[in-house]
Each structure stands twice: as C-alpha cells, then as structure tokens.
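Taking it in order: structure first as structure tokens, then the write-up.
Labels below follow one simple rule: chain letters A, B, ... track the order of the sequence lines, proteins then strands, and each chain is numbered from 1. Worth saying up front: this structure is predicted, and the values here are computed from it rather than measured.
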Amino acid sequence: MAVRREVYLDHAATTPLHPEVQKEMCHILENTFGNPSSLHFYGRAAKQQLELARTRVAALIGARPEEIIFTSGGTESDNLAVIGAAFAGRSKGRHIITSAIEHHAVLDTCVMLARNGFDVTYLPVDKDGFVDPLDVRKAIRRDTVLITIMHANNEIGTIEPIPEIGRIAREHEITFHTDAVQTVGYIPVHVDALNVDLLSLSAHKIYGPKGVGALYIRKGTRIQPLLHGGGQEREYRPGTENLPGIVGLGKAAEVAARDLPGESARYRMLCDRLIRGIKERIPDAKLNGHPEQRLPHNVNFSFCGTKGECLLVGLDQQGIAVSTGSACSSGASQLSHVLKEIGLTPELGAGTIRMTVGRSNKEEDIDYVLDALVELVERQRAFDEKV
Amino acid sequence: MAVRREVYLDHAATTPLHPEVQKEMCHILENTFGNPSSLHFYGRAAKQQLELARTRVAALIGARPEEIIFTSGGTESDNLAVIGAAFAGRSKGRHIITSAIEHHAVLDTCVMLARNGFDVTYLPVDKDGFVDPLDVRKAIRRDTVLITIMHANNEIGTIEPIPEIGRIAREHEITFHTDAVQTVGYIPVHVDALNVDLLSLSAHKIYGPKGVGALYIRKGTRIQPLLHGGGQEREYRPGTENLPGIVGLGKAAEVAARDLPGESARYRMLCDRLIRGIKERIPDAKLNGHPEQRLPHNVNFSFCGTKGECLLVGLDQQGIAVSTGSACSSGASQLSHVLKEIGLTPELGAGTIRMTVGRSNKEEDIDYVLDALVELVERQRAFDEKV
Amino acid sequence: MIIYSEKVIEHFMCPQNAHSMPDADAEGSYGDPSCGDYLTVYLKVKDNRIEEISYLVFGCCASIATSSMTSVLAKGKTLEEAFNITEEDIIQALDGLPENKVHCSNLGVSALRSAIENYLNKNRTEDSYENSNSSR
Ligand SMILES: Cc1ncc(COP(=O)(O)O)c(C=O)c1O
Ligand SMILES: Cc1ncc(COP(=O)(O)O)c(C=O)c1O
Ligand code: FES
Ligand code: FES
C-alpha cells in the first residue's frame with residue numbers, strides 16, 4: 001500500500017485558517033482589544049479595524065461597506081435574513097417561497113415561521129438539484145414577502161439560477177435572499193449580477209475563522225433585527241463585535257478576492273480527476289448534483305451496496321477526511337433531505353459521501369484517495385453478496 | 001506634570017486578552033480547525049476542545065457542563081434567555097418581571113416582547129440602584145413566566161440581592177434569569193447559591209475574546225431557541241461553533257477561577273484609593289451606586305458643572321481611557337436610563353464618568369488619573385462661572 | 001456524535017470470519033427495521049458445538065464490528081452457550097458502543113439466535129433419533 005498521507009477533503013464543512021488570516025488575527029489578539037463602541041483611543045483603534053474588514057467583505061461581493069452587517073456566522077445570517085424580512089413584511093403578507101434543498105439554517109427557520117402563522121412554499125428540485133425559475137414565478141402570490149433560494153447546495157454542489165430568480169423577484173418587488181455560504185470565494189459572487197437584496201456568507205468556509213459571518217442588506221431593504229440591545233451594527237445586530245473574528249473574515253475576503261480565479265480552476269481540475277477516477281474504477285458509482293453547473297470544489301457520489309458511514313470511518317483510518325450528507329448532520333444516519341429530494345432511494349442514498357477539495361490538496365492526494373476509496377467500496381460490497 | 005502614562009480604566013466595557021488566553025487561542029488557530037460536528041479525526045479533535053472549554057466554564061459558576069450553551073456573547077445570551085423563556089412559557093402566561101436598570105440586551109428585548117403581546121413590569125430601584133425583593137414578590141402574578149434581574153449593574157456597579165429574589169422566584173416556580181456579565185470573574189458566582197435557572201456571561205469582560213459568551217440553563221428549565229439550523233449546542237444554539245472563541249472563553253474561565261480572590265481584592269483596593277482621592281479633592285463629587293455593595297472594579301462619579309464627554313476626551317488626551325454611561329451607548333449624549341432611574345438630575349447626570357480597573361492597573365495609575373481628573377474638573381468648572 | 005472504541009475500529013477494519021458459507025449446516029438472518037441494516041449468520045455444528053461461523057452483513061460500522069465480535073464469541077461454544085450471548089456481552093467485548101449505536105449489537109445477537117434455532121429445527125428429528133438411540 002502507498003505511504004500514509006493526511007488528506008483533508010471536507011472543505012465544505014469547514015476550512016483551516018489561511019496563514020495570512022491567522023497572522024492577522026494573532027496580531028489583533030495581541031494588539032487591539034478596545035470595544036469599537038468606546039470613544040477613547042482603544043475604542044477608535046478597534047473601530048478602524050472593524051471598518052477596514054467591512055470594506056474588504058463588501059469588495060468581495062460588489063457591495064458597499066454600509067450594506068454589510070457582521071454576524072456570528074452563516075446560520076445567524078440566514079436566520080436574520082429570513083426572519084427579519086418575513087417580520088418586516090408582515091403588513092404586506094405572510095407567504096414565503098424557498099426550495100426543498102436549502103441548508104437547515106434556512107429550512108428550519110422557514111418551518112418555525114410556518115408554525116407561527118406564515119405560509120411557506122417549498123419548491124421541488126429536479127434530479128440534478130435545480131430549482132426551476134418558472135416554478136418560482138408560478139409560486140408567487142400577492143402576499144409573498146420573501147423568496148429565499150441558496151446560491152449553491154452544500155451537499156451536492158449544484159449552482160442555482162439565482163440571477164433569473166432574482167429578476168423575477170424584482171419584477172414583483174419581493175425581497176430576495178440567497179444563502180451564498182458555499183459560493184462566496186469559490187465562484188464569482190456579485191450582488192448586482194445576482195439581483196439579490198440579502199446575501200449570507202460565512203468566514204469559516206473561506207479560510208477564515210469559525211463563528212463569524214456577514215449579511216449583505218441592499219440599501220432600502222427592510223428587515224427586523226433578531227437580537228436586541230446595544231445598537232451595534234446600525235441596530236441590525238447588537239452585541240459587542242467579535243473583533244478578532246471580523247478582522248479574520250475581512251482578511252479572508254481579501255485573500256479570496258485575490259486568489260479566487262487561480263484556486264477555483266485548480267479545485268475544478270482536482271475534482272475532475274477525482275470524478276473521472278471514480279467513474280473509471282467504480283462504473284456504477286453515481287455522481288450527485290449537476291455534472292457541470294456545480295461548485296468547483298465539490299464531489300458527491302453514491303455507491304450502492306455501501307454505507308457512507310463505513311466509508312467515512314474507513315477513509316478516516318487512512319488519514320482521509322470526508323463527510324456523509326452535510327457536516328452539520330453527519331451524526332445522523334438517515335438520508336439527508338437533499339438526497340431524498342433529488343430522488344435517491346434510501347439504499348443508494350445511504351452509500352453517499354461528499355469530498356470537497358481545498359487549498360492544501362494536490363494531485364497525489366486525489367490518487368491516494370482514489371486507491372483507498374476503491375478498495376473500501378469493493379471490500380464493503382464483498383461483505384454483502386446480495387449486491 | 002507627571003510623565004505620560006497609558007491607563008486603561010474601561011474594563012467594564014471590555015478587557016484585553018489575558019496572555020494565557022491569547023496563547024491558547026493562537027495555538028488553536030494554528031492547530032485545530034475541524035468542525036466539531038464532523039466525524040473524522042479533525043472533527044473529533046475540535047469536539048474535544050469544545051468540551052474542555054465547556055467543563056471549564058461550568059466549573060467557574062458551579063454548573064454541570066451539560067448546562068452550558070455557548071453563544072456569540074452576553075447580548076445573545078440575554079436575548080436567548082429572555083425570549084426563549086418567555087416563548088417557552090406562553091401556554092402559562094405572558095407576564096415578565098424585570099428591573100428598570102437592566103442592560104439594553106435585556107431591556108430592549110423586554111420592550112420588543114411587550115410590543116408582541118407580553119406584559120412587562122419594570123421594577124424601580126432605590127437611589128443606590130437596589131431592586132427590592134419585596135417589590136419582586138408583590139409584582140408576581142399567576143401568569144408570570146419569567147423574572148430577569150441583573151446580578152450587578154454595568155454602569156454604577158451595584159450588586160443586586162439575587163439569592164433572595166431567586167428564592168422568591170423558586171417559591172412561585174417562576175423561571176429566573178440573571179445577567180451576570182459584570183459579576184462572573186469579579187465576585188463569586190455560583191448558580192446554586194444564586195438560585196438562578198438561567199445565567200448569562202460574556203468572555204470579553206473576563207480577559208477572554210469578544211464575540212463569545214455562554215448561557216447557563218439549569219437542567220429542567222424550558223427555553224425555546226432563537227436561531228434555527230444545524231442542531232449544534234443541543235439544538236439550543238445552532239451554527240458552526242466559534243471554536244477559537246470558545247476555547248478562549250474556557251481558558252479565561254479557568255484563569256478567572258484561579259485568580260479571582262487575589263485580583264478582586266486588589267481591584268477593591270485600587271478603587272478605594274480612587275474613590276477616596278476623588279472625594280478628598282473634589283468634595284462635591286457624587287459616587288453613584290451603593291458605597292459597599294458594589295463591583296470591586298467599578299467607580300462611577302458625577303461632577304456637577306462638567307460634561308462626561310469633555311472629561312472622557314480630556315482624559316483620553318492624557319492616555320486615560322474611561323467611559324460615560326455604559327460603553328455600548330457611550331456614543332449617545334443623553335442621560336443613561338440607569339442614571340435617570342437612580343434619580344440623578346440631567347445636569348448632574350451629564351457630568352458622569354465610569355472608571356473600571358483591571359489586571360494591568362497599578363496604584364501609580366490611580367494617582368496619575370486622580371491628578372488628571374481633578375485638573376480637568378476644575379478647568380471645566382472655571383469655564384462656567386455659574387458653578 | 002459517534003466516537004468508536006479502538007476495538008470497534010479494529011473489528012470494522014478487519015472483520016473476522018466475514019464470508020458466506022455455501023455448505024453451512026444452518027443459517028439465520030435479522031434485519032433491523034429502524035435502519036434497514038441486515039445480517040445473515042452461517043453455522044457449522046459438530047457435537048452440539050459451533051465449529052465454524054461466518055456471516056454476510058450490510059450495515060453501519062457498529063453492525064460490522066458487532067458481526068465480527070459475535071462470530072468470535074460464538075466460535076467453539078456449545079449451542080446453548082452461544083444462544084445465551086447477550087447484547088451486553090458483545091458491547092463489552094467491543095469496549096463499548098456509542099449510545100445511538102447500542103441497537104446495532106442486537107443485529108448480532110438476533111441473527112445468531114435465529115441461526116441456532118434454524119439448526120435445532122432442522123435437526124429436531126435427527127436429534128430425537130439420536131436421543132432415542134442413546135437412551136437405548
Ligand atoms: C449552505 C450553508 N448555509 C449555511 C451554513 C451555516 O453556516 P455556519 O456554519 O457559519 O453557521 C452552511 C455551513 O454549515 C452552509 O453550507
Ligand atoms: C450587564 C451586561 N449585560 C450584557 C452585556 C452584553 O455583552 P456582550 O458585549 O458580550 O454582547 C454587557 C456588556 O456590554 C453588560 O455589561
Ligand atoms: S453644544 Fe454640543 S452638545 Fe450641546
Ligand atoms: S445503524 Fe443499523 S445496525 Fe447500526
């Protein structure tokens with residue numbers, strides 16, 4: 001067998017800090033501790049760092065700094081966008097349109113709203129995971145106050161037709177949110193090209209720190225805050241700002257903007273190699289998500305006659321980190337809502353793993369993973385002759 | 001004039017990182033990046049750090065680890081406790097009891113609830129800032145679902161009679177929350193001695209990082225989550241955990257537990273020196289808050305014939321950082337709700353500053369501040385001959 | 001959160017006796033209705049003792065480790081001893097299972113018992129014949 005390697009292939013769950021981000025964060029941790037709301041020297045120094053980070057994040061997505069609100073992560077950004085827009089629109093109506101394959105941060109929030117007097121339409125997706133913009137148009141009602149569709153799916157990587165959906169939302173003057181946690185830093189994300197009013201992003205998916213994110217709020221879009229208190233972040237998000245985290249996000253945004261074109265081409269190349277290798281050596285393996293309209297760093301396969309958990313644990317023993325379903329729920333053994341929605345049978349869905357590449361991965365890593373994966377799949381299938 | 005010094009006297013607004021916390025955080029930033037929800041090696045390593053931090057925070061306040069939920073700070077902890085308990089109790093009733101001098105994170109949340117069908121009683125305080133437990137008893141109704149009274153006030157430092165209020169709440173089987181953001185790490189805080197069901201704390205007040213806090217939830221206490229999503233923190237608080245922040249909080253809790261007795265005696269001594277000095281040299285200065293039942297690190301004075309803002313800016317020019325009112329609203333120029341509530345006139349209230357000592361402060365700092373402050377007060381008064 | 005013991009990982013990575021047995025004396029299966037996982041156990045019995053045991057399994061890591069450990073524990077035991085192996089025995093031999101994986105140990109116990117019953121049923125007539133022989 002080949003020499004043991006350490007291969008982290010779970011970048012959609014979280015990424016390591018970029019060395020430049022780490023350096024900047026450690027510098028802040030050591031040198032700037034003021035409360036950005038304080039008027040004295042320490043506070044002003046902190047405030048300056050906060051605003052620099054805001055400028056950097058805005059630049060990454062083509063927004064203006066004053067349209068960026070810092071949050072505690074993608075989950076809070078999604079909650080703030082969805083609940084905030086829903087409640088701000090209550091006088092107009094209580095209908096929300098979303099898709100059936102959203103991240104739980106959007107989906108569970110919609111379910112909560114549905115229990116509290118809102119009416120939610122969950123649009124289906126096709127077998128590749130696409131939402132049809134025509135379906136969005138048909139679902140719109142006079143009392144629709146929010147459309148929220150993710151930019152790309154975190155499990156199967158399919159990139160949704162956000163610009164078209166945004167155009168439809170704008171025609172009808174309906175607030176439009178997209179969860180871009182998986183796309184920012186991987187494919188071009190520009191709030192005007194996407195026609196969005198609200199956009200969520202998270203630092204730890206782009207080599208920034210965990211526990212910090214941002215919500216883009218287009219000027220003029222009305223949302224209600226989720227948290228109440230000290231008035232920070234223009235009253236949209238009170239609480240003493242997570243300065244080291246925000247500085248880390250700012251630096252990560254800067255690095256992402258700079259490295260995006262090169263890195264994402266490299267990710268695409270690595271994923272193509274992985275996909276090709278799996279298809280050649282395990283001919284009945286099924287690639288989930290659309291073959292082309294997918295995130296450059298995402299590979300998601302189902303292997304009938306296997307269990308994702310067994311593949312995960314087996315690969316882990318060989319230093320390879322992957323995930324089954326989405327990371328947040330990889331403890332659960334049921335089929336994820338996304339795999340169910342694209343029509344996988346429970347048997348096939350059970351044998352699904354997601355591999356997401358990143359900065360540290362090289363071609364040799366891919367070849368190492370291929371060997372390990374093929375061997376594991378074959379071994380598992382041998383246990384069970386039925387297959 | 002004396003040699004210029006840098007004296008940070010705004011520790012109630014935020015504290016610098018403890019060097020041990022900083023070291024531990026930088027270590028985590030460099031070495032542990034996994035998502036605690038992931039099943040592979042990287043995830044398990046992260047999970048272990050997360051649980052170690054939980055154990056440390058629990059130990060600081062006499063709780064069990066499984067009763068600690070990590071949040072994005074004191075503001076979120078307060079919001080989660082108040083909104084969460086209010087909504088969990090909706091079937092029983094909609095009455096909430098709080099005080100008029102709570103931090104905005106509690107007060108503004110109560111105001112929001114009052115706009116949404118809840119009935120809120122704001123108990124008054126006496127001139128020293130005390131809530132009377134008898135008033136709490138009298139305010140209780142059959143439909144009271146939550147009592148929330150802060151452990152100590154962040155502006156004037158008065159320590160409230162939480163154990164008594166807790167006993168009354170327990171007699172009536174009403175959920176009891178205390179905002180202990182200002183007391184944890186400064187005076188002994190033990191959830192059983194305080195008779196509380198919910199308790200908020202924040203890392204950046206105890207030499208930990210900004211943007212992370214915790215909520216203690218006594219086993220059996222029912223609260224509803226604020227955020228919806230991936231199921232982290234036992235579904236009380238979803239979202240990928242802020243691992244570096246949480247690790248920083250854990251270390252800060254450990255250090256606080258270890259250093260509390262010595263440091264808080266030292267803070268008390270420094271504050272006594274400051275209070276004595278001011279009283280001697282500016283005889284008409286008014287100490288706000290109770291003279292004894294106060295936070296060991298808090299000094300709050302009103303100087304008639306001055307403006308807090310001018311004192312703050314003047315001191316800042318001499319390297320001294322203080323605050324007017326509470327940090328979060330030190331941008332605002334009106335009298336804070338706390339100063340109004342203890343009966344200060346607008347004129348006297350306007351000339352109020354808060355000085356809060358901490359680890360780095362020495363006796364010489366106090367003497368330096370005294371000289372600068374006395375000179376500034378005298379200078380300001382000279383501008384205005386009325387006084 | 002699943003964290004497996006080293007023993008579980010060892011048996012998952014290198015399961016003992018994992019193969020089918022076309023010439024088995026008996027076999028028994030059990031499927032867990034909650035997760036859909038499935039185990040078939042094969043036995044060769046001589047003088048009332050399990051001489052050989054093997055299995056085919058389709059399931060999670062814990063079910064594979066459970067199957068492997070069940071076979072290790074049962075091999076060489078009398079039918080009665082083997083029938084009395086409990087979930088607890090298997091979990092203990094595996095140095096524990098995560099709480100949400102405890103049910104997986106049931107797969108091993110149930111399939112083994114079903115195989116033993118299958119053997120006893122098949123051999124009832126011969127048994128009684130042997131019995132009557134020996135009593136003569
Ligand atoms: C599409 C999507 N939305 C939201 C989130 C939640 O972000 P966070 O982990 O920062 O709370 C994630 C990641 O888990 C995600 O992939
Ligand atoms: C009493 C009190 N409660 C709540 C908070 C809010 O905590 P955080 O700044 O961590 O959001 C503060 C500090 O600003 C405080 O002093
Ligand atoms: S003159 Fe400036 S605040 Fe009144
Ligand atoms: S989950 Fe089915 S046997 Fe383990």
Side-chain angles (χ1 to χ4, degrees), chain A residues 8 10 13-17 22 25-26 29-30 33-35 37-43 72-76 78-79 103-105 108-109 111-112 202 204 209-212 226-232 238-245 309 312-313 316 319 321-323 327-331, chain B residues 8 10 13-17 22 25-26 29-30 33-35 37-43 72-76 78-79 103-105 108-109 111-112 202 204 209-212 226-232 238-245 312-313 315-316 319 321-323 327-331:
Chain A
Y8 184 73
D10 201 9
T14 196
T15 55
L17 281 191
Q22 188 192 313
M25 285 182 72
C26 284
L29 288 177
E30 191 158 344
F33 74 88
N35 187 326
S37 299
S38 298
L39 299 181
H40 47 62
F41 167 78
Y42 300 87
S72 69
T75 297
E76 188 188 329
D78 282 345
N79 274 258
H103 188 270
H104 282 292
D108 293 7
T109 302
V111 168
M112 181 281 291
S202 179
H204 74 100
K210 280 168 251 306
V212 56
L226 262 188
L227 298 180
H228 308 82
Q232 292 91 343
T240 302
E241 299 87 343
N242 174 357
L243 195 68
E309 190 212 358
L312 185 151
V313 173
D316 188 42
V322 304
S323 93
C328 311
S329 55
S330 60
Chain B
Y8 185 73
D10 200 9
T14 197
T15 56
L17 280 191
Q22 188 193 314
M25 283 183 73
C26 284
L29 287 177
E30 191 158 345
F33 74 89
N35 186 325
S37 299
S38 297
L39 299 181
H40 47 62
F41 167 78
Y42 300 87
S72 69
T75 297
E76 187 187 331
D78 283 345
N79 274 259
H103 187 270
H104 282 292
D108 293 6
T109 302
V111 168
M112 182 280 293
S202 179
H204 74 99
K210 278 167 252 306
V212 56
L226 263 188
L227 297 180
H228 308 82
Q232 291 92 343
T240 302
E241 300 87 343
N242 174 357
L243 194 69
L312 184 150
V313 174
L315 290 169
D316 187 41
V322 305
S323 92
C328 311
S329 53
S330 59

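Of the listed residues (B:T75, B:T109, B:D316), the greatest number of heavy-atom pairs within a distance under 4.5 Å of chain A belongs to B:D316. Contact count versus chain A (heavy atoms, under 4.5 Å) is highest, among B:G319, B:P16, B:A321, for B:P16. Contact count versus chain A (heavy atoms, under 4.5 Å) is highest, among B:D108, B:V212, B:N79, for B:N79.
Both the backbone and the side chain of A:F41 come within less than 4.5 Å of a heavy atom in chain B. With a threshold of 4.5 angstrom between heavy atoms, B:V322 approaches chain A through N, CA, C or O but not through any side-chain atom.
Relative orientation of the B:H40 and A:Y8 rings is perpendicular, given thresholds of 30° and 60° on the angle between their planes.
Annotation: side-chain hydrogen bond (donor to acceptor under 3.5 Å, both in side chains) contacts of B:T15 (sequence neighbours excluded): none. In this structure A:S72 satisfies the side-chain hydrogen bond (donor to acceptor under 3.5 Å, both in side chains) test together with A:E76, B:R237, sequence neighbours excluded.
Separation of atoms NE2 (A:H204) and CD (B:E241) is listed at 9.0 Å; rounding is to 0.5 Å. For the atom pair NZ (B:K210) and CG (A:L243), the distance works out to 7.0 Å, reported to the nearest 0.5 Å.
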